[in-house]
Structure formats: C-alpha cells, structure tokens
Amino acid sequence: MNNTTLNINIFEREFSIACTDKECEELQLAAAYLDNKAQDIKAEGKIIDADRIAIIAALKITHELLMLRNVTGFDIDEFRRRIITLKNKVDEAITMKDEG
C-alpha cells in the first residue's frame with residue numbers, strides 16, 4: 001500500500017496528513033465534515049476563539065458517533081470478533097474436509 005501526503009483545509013488552516021492511498025478519500029470527507037461543523041459553530045456567533053470552535057466541533061461529531069452507535073447497536077470490536085469466529089469455523093471445516 002502506498003503512502004501519500006494529503007493536504008486538507010479545516011477552519012481556514014491547512015494540515016498535511018500522511019495516509020495510505022485507500023484512506024485519502026475518507027479523510028477528505030472527514031475533513032470537510034469537520035470544517036462544516038466548525039463553520040456552523042462560528043456562524044452561530046456564540047464562540048469566537050478558533051481553538052474552542054474546533055474542540056466544540058469535535059465534541060459534537062463525537063457525540064453524533066456515540067449516539068449512532070447507541071441507536072444502531074453497532075460495535076466494531078464485536079463485529080471483528082464475529083468475523084474471527086466465523087473465519088476460524090471455516091478454517092476448521094476446511095481442515096476437517098481435507099483430513100476426511
């Protein structure tokens with residue numbers, strides 16, 4: 001997998017992020033989402049400090065993620081465990097077939 005440097009703009013600041021080619025598009029989407037949240041908070045006019053706006057935007061996005069997990073019941077660790085369990089069962093079945 002090739003690594004590349006991705007330049008993104010969030011809240012009128014440029015950042016360079018090292019990532020794989022596969023991650024670039026998702027990181028661009030994430031940066032755009034974060035920037036939109038920050039711009040919305042700035043537009044409200046209640047908070048003017050850029051660092052505070054960035055933290056509040058990150059907090060709101062984290063809250064959205066946690067609420068989504070609660071609603072869907074999606075747990076990535078449990079998902080990974082299930083995949084490993086299924087893989088092990090398939091491997092066992094293949095081994096038993098080869099031995100039998």
From [atom1] ([X]) to [atom2] ([Y]), nearest 0.5 Å:
X: D40; Y: K60; atom1: CG; atom2: NZ; answer: 8.0 Å
X: T62; Y: M67; atom1: OG1; atom2: CE; answer: 13.0 Å
X: I17; Y: I8; atom1: CD1; atom2: CD1; answer: 3.0 Å
X: D49; Y: I47; atom1: CG; atom2: CD1; answer: 9.0 Å
X: I56; Y: K46; atom1: CD1; atom2: NZ; answer: 11.5 Å
X: N3; Y: C19; atom1: CG; atom2: SG; answer: 7.5 Å

Under 4.5 Å between side-chain heavy atoms, hopping through other hydrophobics if needed: is there a path connecting [X] to [Y]?
X: I10; Y: I55; result: no
X: F15; Y: I61; result: yes
X: L59; Y: L34; result: no

Looking at every heavy atom in both E12 and D35, which two are closest together, and how far apart are they?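 Minimum heavy-atom separation between E12 and D35: N-OD1, 4.3 Å.
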Minimum heavy-atom separation for C24 and L6, please, with both atom names.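 Of all heavy-atom pairs spanning C24 and L6, the closest is O-CD2, 3.7 Å.
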More than 12 non-hydrogen atoms from neighbouring residues, nucleotides or ligands closer than 6.0 Å to [atom1] on [X], yes or no?
X: E64; atom1: CD; value: yes
X: R81; atom1: CZ; value: yes
X: L29; atom1: CG; value: yes

Kindly write out the residues that satisfy side-chain hydrogen bond (donor to acceptor under 3.5 Å, both in side chains) with E23, not counting sequence neighbours, or none if the list is empty.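 E23: side-chain hydrogen bond (donor to acceptor under 3.5 Å, both in side chains) contacts with T20.
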